[in-house]
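Contents: one structure, followed by commentary.
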Amino acid sequence: PGDSLHFRAFQSTLVGCGGPDSLEARFFRALAATRRFELGATSLSLVAEDGSRLLFVVAAGPPRP
């Protein structure tokens, strides 16, 4: 409800596995910790209970004709 967001299960290939502190492992831990989101005009923030964030930004493209 509202701005809450919970990810439950993840699947991935073994190709990106690099250990417990790999970028992939840290990304999945951050997704699992997500509790809410904030949506901006060009960004999406996934916010954890402790306030840490994953920030996704859409790059501006060329103007449309």
Side-chain angles (χ1 to χ4, degrees):
D3 65 351
S4 68
L5 184 64
H6 293 261
F7 294 98
R8 302 223 183 264
F10 304 100
Q11 294 182 359
S12 69
T13 65
L14 294 177
V15 173
C17 293
D21 199 38
S22 69
L23 179 60
E24 181 182 56
R26 290 182 293 162
F27 179 72
F28 285 143
R29 279 196 304 270
L31 286 178
T34 296
R35 292 299 171 258
R36 64 184 181 87
F37 69 93
E38 295 174 358
L39 190 57
T42 59
S43 65
L44 167 67
S45 291
L46 302 180
V47 185
E49 228 172 318
D50 67 1
S52 61
R53 297 167 179 266
L54 284 176
L55 176 63
F56 300 88
V57 179
V58 177
R64 293 185 180 183

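Residue indices begin at 1 and follow the sequence shown. Side chains are part of it too, since the values below use all heavy atoms of this structure and drop only hydrogens, waters and symmetry mates.
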> With sequence neighbours excluded, what pairs up with Ala32 under the side chain to side chain contact (heavy atoms under 4.5 Å, CB included) test?
Replying inline: Phe10
> Of all residues at least two apart in sequence or in a different chain, which pass the side chain to side chain donor-acceptor pair (under 3.5 Å) check with Arg36?
Replying inline: Glu38
Just list the side-chain donor-acceptor pairs under 3.5 Å for residues 39-50, sequence neighbours left out, or say none.
unit_1: Asp50; atom_1: OD1; unit_2: Ser52; atom_2: N; d: 2.9
unit_1: Asp50; atom_1: OD1; unit_2: Ser52; atom_2: OG; d: 2.7

> If you group Ile, Leu, Val, Met, Phe, Trp and Tyr by side-chain heavy-atom gaps below 4.5 Å, do Phe28 and Phe56 land in one group?
Replying inline: yes
